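Working notes, beginning with the structure itself.
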Amino acid sequence: MEAAPQGYGPLIAPMSDMQRPLRQQVFECVRAAGAISRAQIAKDVCISPASVTTLAADLIEAGFLTEVAIPREAQDGGRGRPPVALGVRADAFAVCGIKLSDHEHGAVILDFAGRELARLCAPSAGSQSLADTLSTLEHLVAAAADRAGLTPGALAGVGVGLPGLVDAEAGRVPWSPLLSGENVALAAAAEARLGLPVSLDNDANLVALAELWFGVGRRAADFAVVTVEQGVGMGLVLNHRLYRGARGLGMELGHVKVQLDGALCRCGQRGCLEAYIADYALAREASAALGRIGEPELSTPQLLDALHERAMAGDAAARSIFNRAGRYLALGLANVVNLFDPEIVILAGERMRYKRLYAEDTLADMSRLVLATGRPAPRIEVHSWGDQLWAYGAAALALAAVTERHLGAAREEVA
């Protein structure tokens, strides 16, 4: 009998999930708990114990669930035989999650119980053609699978996240700084190249998905994730579900206008929030502030690290750059709070290492810009997981697709 897994996925299902097949509801209840008794499943899913017994037997026979032992000391003091519960069968499937980035790609392999089998990082070549991007994906999948002791063909699916405008449902990328073309059918092309099902989404959405499946968002009904790196992104969870908008292209916080006819954004428009707080926005001013004009060029991360060191040491010019960016970040966060009233706002991304960007002054500015309602402001949390956070979100996307494919309504209709 296997040891009890930890559990992952949303702990509280939205009301709309009551329309999902009972078989899928039972599986997702077990997945969220990690290990759970049949009696507790009956209470949580609101069905009879007899129905749970039948559905659990079916899921065990199909290879999705297994019986696991819960340590007796966790129950009543450690006497007698360990009670038997249900858990997800870890070796049923494995998936690969990939984050494509401007500076470094990340990949992770997870089994069906959400446990990490392998991870890796690889340098990015920046903007590429579709053909080169497919080669990059193929290399990342093969290298990550090999590190996990698997062949790429043993994977059940691949999730991919990248910056820019991404239509997740259609699997298309209208625009991304990483793709040299526009309106690219990336998911279909990747499926043809890899021979595996591929799910695609905006990278900020995948950070929200990672928090929803593995982080603090598991217990939160409504929360927002704001990412600050080479670009600025936002993921929004409403009623325990990722919100993408009517066309799947919503939540582009980085391209909300904060200054008419302002600074040039890499999207081609002016005055976007991203053009004031993203990596390239800070780097535009950093060379002058550091007195490096005419000196050998540093990479953007090196330039920003040097700028932050100067700011923390008291350099007035460096501090002014971070303070200005902090005020714009505060404006963006206040708009998020005023529009959506989330329970939690999570600041994520590589730039969250820079404390000057989210110092107390920034959070105080945000509070002043939020409508005064007499109620407590949303909790602000700062997470700097690095690229593996994004890759975990991509893996969650793939795990959700595998679950839907094997247990969802479409599967039930075919059966």
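If you're wondering where the values come from, they're calculated on a predicted model, not measured in any experiment. Along the sequence shown, residues are numbered consecutively beginning with 1.
- In summary, the side chains of Thr136 and Gln128 do present a donor paired with an acceptor at a separation below 3.5 Å, with no hydrogens or angles considered.
- With sequence neighbours excluded, no residue satisfies side chain to side chain donor-acceptor pair (under 3.5 Å) with Asp146.
- Under the 6.0 Å distance and 45° angle rule, Arg89 does not count as a cation-pi partner of Phe64.
- For residues 110-133, every residue pair satisfying the ring-ring contact (aromatic ring centres under 6.0 Å, His included) rule, not counting sequence neighbours, is listed here: Phe27-Phe112, Phe93-Phe112.
- When the shell of 6.0 Å around NZ of Lys257 is examined, it contains more than 12 heavy atoms from other residues, nucleotides or ligands.
- Evaluation of the salt bridge (charged side-chain N to carboxylate O under 4.0 Å, His left out) rule for Glu309 yields no partner, not counting sequence neighbours.
- Residues Gly9 and Ala32 share a closest heavy-atom pair of O-CB, 4.3 Å.
- Nearest heavy atoms, Cys96 versus Ala144: SG-CB, 4.4 Å.
- The side chain to side chain donor-acceptor pair (under 3.5 Å) test applied to Glu182 returns no partner, not counting sequence neighbours.
- Under the salt bridge (charged side-chain N to carboxylate O under 4.0 Å, His left out) criterion, Arg119 pairs with Glu116, sequence neighbours left out.
- When the side-chain contact (heavy atoms from CB on, under 4.5 Å) test is applied to Leu339, no partner is found at least two apart in sequence or on another chain.
- Considering only residues two or more places apart in sequence or on other chains, Glu343 meets the salt bridge (charged side-chain N to carboxylate O under 4.0 Å, His left out) condition with none of them.
- Checked options Val160, Leu206, Val158, Leu397; the residue passing with Ser199 is Leu397 (criterion: side chain to side chain contact (heavy atoms under 4.5 Å, CB included)).
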Per-pair distances, 0.1 Å, donor-acceptor, side chain in residues 187-197, under 3.5 Å, sequence neighbours excluded:
unit_1 : atom_1 : unit_2 : atom_2 : d
Glu191 : OE2    : Val198 : N      : 3.0
Arg193 : NE     : Glu138 : OE1    : 3.1
Arg193 : NH2    : Ser135 : OG     : 3.1
Arg193 : NH2    : Glu138 : OE1    : 3.2

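- For Leu369, the side-chain contact (heavy atoms from CB on, under 4.5 Å) partners at least two apart in sequence or on another chain are Leu331, Ala334.
- For Ser101 and Glu104, the side-chain atoms include no donor-acceptor pair closer than 3.5 Å.
- Residues meeting the side-chain contact (heavy atoms from CB on, under 4.5 Å) test with Pro177, sequence neighbours left out: Asp102, Pro163, Trp175, Arg266.
- Considering only residues two or more places apart in sequence or on other chains, Asp315 meets the side-chain contact (heavy atoms from CB on, under 4.5 Å) condition with Arg310, Ala317, Ala318.
- Listed by chain and number, the residues in a ring pair (Phe, Tyr, Trp, His ring centres under 6.0 Å) with Phe223 amount to none (sequence neighbours excluded).
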